[in-house]
Amino acid sequence: MQEMKVNPYDVEGEIDYDRLIQEFGIKKIDKKLLTRIQKITGELHPYLKREIFFAHRDLEKLLDAYDQGKKFFLYTGCGPSGPIHLGHYSVWSFIKWLQDKFDVELWFQFTDDEKFLYKNMTYEEIQEWTNQNMLDVAAIGFNPEKTHFLIDTKHAGIMYPEAIKVAKKITFSTIKASFGFTDSNNIGSIFYTAMQTVPCFLPNVLSGKDEYCLIPLAVDQDPHFRISRDVIEKLGHKKPAVLHAKFMSPLTGTAGKSSSSNSAHAILMTDSPKTVKTKINKYAFSGGRDTIEEHRRLGGNVQIDVACQWLKYFEHDDEKLTKIYKNYSEGKLLSGEVKAMLIEKINNILKEHQKRKASIDIKKFIYNDAHYCNVRHNQEA
Ligand code: TRP
């Protein structure tokens, strides 16, 4: 068995989330916190009930402030080096729910610098993925009035002055220890955490406000903020709160996370209905028995059956999901039947997504810093 490894640049092995909570020093989302969220949002998103979003940092503090009438903003991001898949889609659709329920601004960072520095790809290739990925993010349905895309190399003029303030307070040895870097890592990759830290407080710098920041993310991204939360505070800003998601498992059911680098592992947002059907029927790891007779008699294993597990993400109706699990484990439902349900759910999602994507006006989403630059200019003139 492969040793568990979880950091922004490596996710390996069987993931033990309780152990992660210990090692990362994060807190499990408990019943009390769920009740508190529900009081504000009216209903609970299935991803909260089902522990897909399972842990947090300082969410209580942020809610205390919210209860006193203080708004917060959301911040998350995308590293543009490949196609968007259902793992991304689920996290971001949950973030849309947060944006709608709390009626807050969302700052979305595209880290083209990061992917250029870490991947064996050209600058031009990364720019192409940035353009593609922005369309997929916008197609999630975020409110364009309240959503601001930051592209690291394009918004460098407003980001870099803040990034150097962060970088000055982080040592090379901290970065080495947190990400397992050695002396042969390129020097850009060492600096990069500073760039990912900037959107935690940049909106406040731009607006002159002092709002809390909430960062929903997949748990592998936490190490960046574990390093930088203290630094942010030292710079005179509020420590951001963080909300952690588990990884969607690969279709093949093996350890790690869903990733677009292996097409047998993930469903891409651009996949056709036929491709979805083929991928799921061919690759989705089955918890069913070898023969139908055996399956009817002994039932299937919901826990290891990827179609059952993926339905947690896409069948939002609790009663329906419970019934599917019950029938599958009692042998009344066959693997192929559960797969068919999953295929239908996913194809509906992809159809809607592709339709929205076709009519996106991306300019509405990209942060326009002309105003800020003008203000600076006039002050200097
Ligand atoms: N580093 C992330 C990635 O590789 C992208 C990212 C930037 C991000 N800022 C973030 C993710 C904030 C979550 C939260 O995908």
Side-chain angles (χ1 to χ4, degrees), residues 15 41 43-54 76 83-101 136-137 139-142 216 218 243-254 256-260 263-288 300-329 333-357:
I15 317 257
T41 58
E43 53 171 8
L44 271 186
H45 193 285
Y47 292 3
L48 285 169
K49 284 188 274 190
R50 296 174 188 174
E51 296 186 8
I52 289 172
F53 276 84
F54 72 109
T76 196
I84 300 309
H85 57 67
L86 285 173
H88 300 114
Y89 170 86
S90 346
V91 170
W92 298 338
S93 65
F94 174 76
I95 296 176
K96 173 180 157 49
W97 181 84
L98 288 176
Q99 178 177 53
D100 292 345
K101 291 291 174 183
D136 279 302
V137 172
I140 299 288
F142 296 118
L243 200 50
H244 306 87
K246 293 178 183 170
F247 308 114
M248 195 169 165
S249 71
L251 258 189
T252 47
T254 46
K257 62 171 181 175
S258 219
S259 142
S260 30
S263 72
H265 281 187
I267 303 245
L268 309 183
M269 300 312 289
T270 46
D271 280 347
S272 70
K274 210 171 139 228
T275 307
V276 170
K277 192 171 170 193
T278 311
K279 276 189 183 175
I280 290 177
N281 283 331
K282 194 163 162 193
Y283 298 118
F285 188 81
S286 167
N301 183 342
V302 168
Q303 291 316 316
I304 61 166
D305 187 276
V306 171
C308 284
Q309 289 307 311
W310 275 32
L311 277 174
K312 258 191 206 161
Y313 288 82
F314 306 116
E315 176 52 78
H316 286 197
D317 185 324
D318 290 331
E319 263 177 52
K320 278 191 190 158
L321 189 71
T322 310
K323 209 165 144 203
I324 292 168
Y325 281 11
K326 184 167 179 285
N327 287 340
Y328 188 69
S329 56
L333 265 178
L334 301 174
S335 280
E337 291 167 330
V338 179
K339 283 186 177 188
M341 292 176 197
L342 180 66
I343 291 166
E344 194 194 327
K345 283 273 168 205
I346 290 178
N347 277 336
N348 282 335
I349 288 171
L350 294 190
K351 193 169 114 202
E352 292 302 313
H353 183 86
Q354 288 161 6
K355 202 160 68 191
R356 284 192 303 268
K357 189 173 165 184

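Along the sequence shown, the residues carry numbers beginning at 1.
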Going from [atom1] on [X] to [atom2] on [Y], what distance comes out if it is rounded to the nearest 0.5 angstrom?
X: E344; Y: E315; atom1: CD; atom2: CD; answer: 10.0 Å
X: L350; Y: T270; atom1: CG; atom2: OG1; answer: 8.5 Å
X: L268; Y: H85; atom1: CG; atom2: NE2; answer: 8.0 Å
X: I324; Y: E319; atom1: CD1; atom2: CD; answer: 12.0 Å
X: N347; Y: Q354; atom1: CG; atom2: CD; answer: 9.0 Å
X: N348; Y: I343; atom1: CG; atom2: CD1; answer: 12.0 Å

Short side-chain donor-acceptor distance under 3.5 Å, [Y] and [X]:
X: T275; Y: T278; answer: no
X: H353; Y: D136; answer: yes
X: Q309; Y: K312; answer: yes

Does the side chain of [X] reach to within under 4.5 Å of the side chain of [Y], using non-hydrogen atoms?
X: L342; Y: I346; answer: yes
X: L48; Y: F94; answer: yes
X: M248; Y: V91; answer: no
X: L98; Y: F53; answer: no

For H45 and H316, I'd like to know if the aromatic rings sit close, meaning centre-to-centre distance below 6.0 Å.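 Ring-ring flag for H45/H316: true, centres closer than 6.0 Å.
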Between Y47 and Y313, ring centroids under 6.0 Å: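 Yes, the ring of Y47 comes within the 6.0 Å limit of the ring of Y313, centre to centre.
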If you apply the rule side-chain contact (heavy atoms from CB on, under 4.5 Å), what do you find for L333 with M341, and how did you get there? CA-CA 11 Å; L333 265 178; M341 292 176 197; 3.8 Å; yes
Step-by-step side-chain contact (heavy atoms from CB on, under 4.5 Å) determination, S249 to F285: CA-CA 10 Å; S249 71; F285 188 81; over 6 Å; no
Search all heavy atoms of [X] against all heavy atoms of [Y] and return the closest pair with its distance.
X: V306; Y: L251; value: CG2-O, 3.4 Å
X: I304; Y: G287; value: CG1-CA, 3.9 Å
X: K339; Y: N281; value: NZ-O, 3.2 Å
X: V137; Y: W92; value: CG2-CZ3, 3.5 Å
X: Y328; Y: D305; value: OH-OD2, 2.7 Å
X: L86; Y: M269; value: CD2-SD, 4.0 Å

Should the heavy atoms of other residues, nucleotides or ligands under 6.0 Å from NZ of K101 be counted, would the total exceed 12?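 Enclosed: over 12 neighbouring heavy atoms sit under 6.0 Å from NZ of K101.
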Quick check on side chain to side chain contact (heavy atoms under 4.5 Å, CB included): which of L243, T76, D100 does I95 satisfy it with?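 Exactly one candidate clears the test, T76.
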Check the pair E337 / N327 against side-chain contact (heavy atoms from CB on, under 4.5 Å), numbers first and verdict last. CA-CA 11 Å; E337 291 167 330; N327 287 340; over 6 Å; no
Is K357 reaching over with its side chain to a backbone N or O of A139, donor-acceptor style, under 3.5 angstrom?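 Here the side-chain-to-backbone pair does not exist.
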Could you check whether the rings of F314 and W310 sit parallel, tilted or perpendicular, using 30° and 60° as the cut-offs?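 Perpendicular: the ring planes of F314 and W310 meet at over 60°.
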Pi-cation contact, F54 with K246 (under 6.0 Å, within 45°):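 Verdict for F54: a cation-pi partner in K246.
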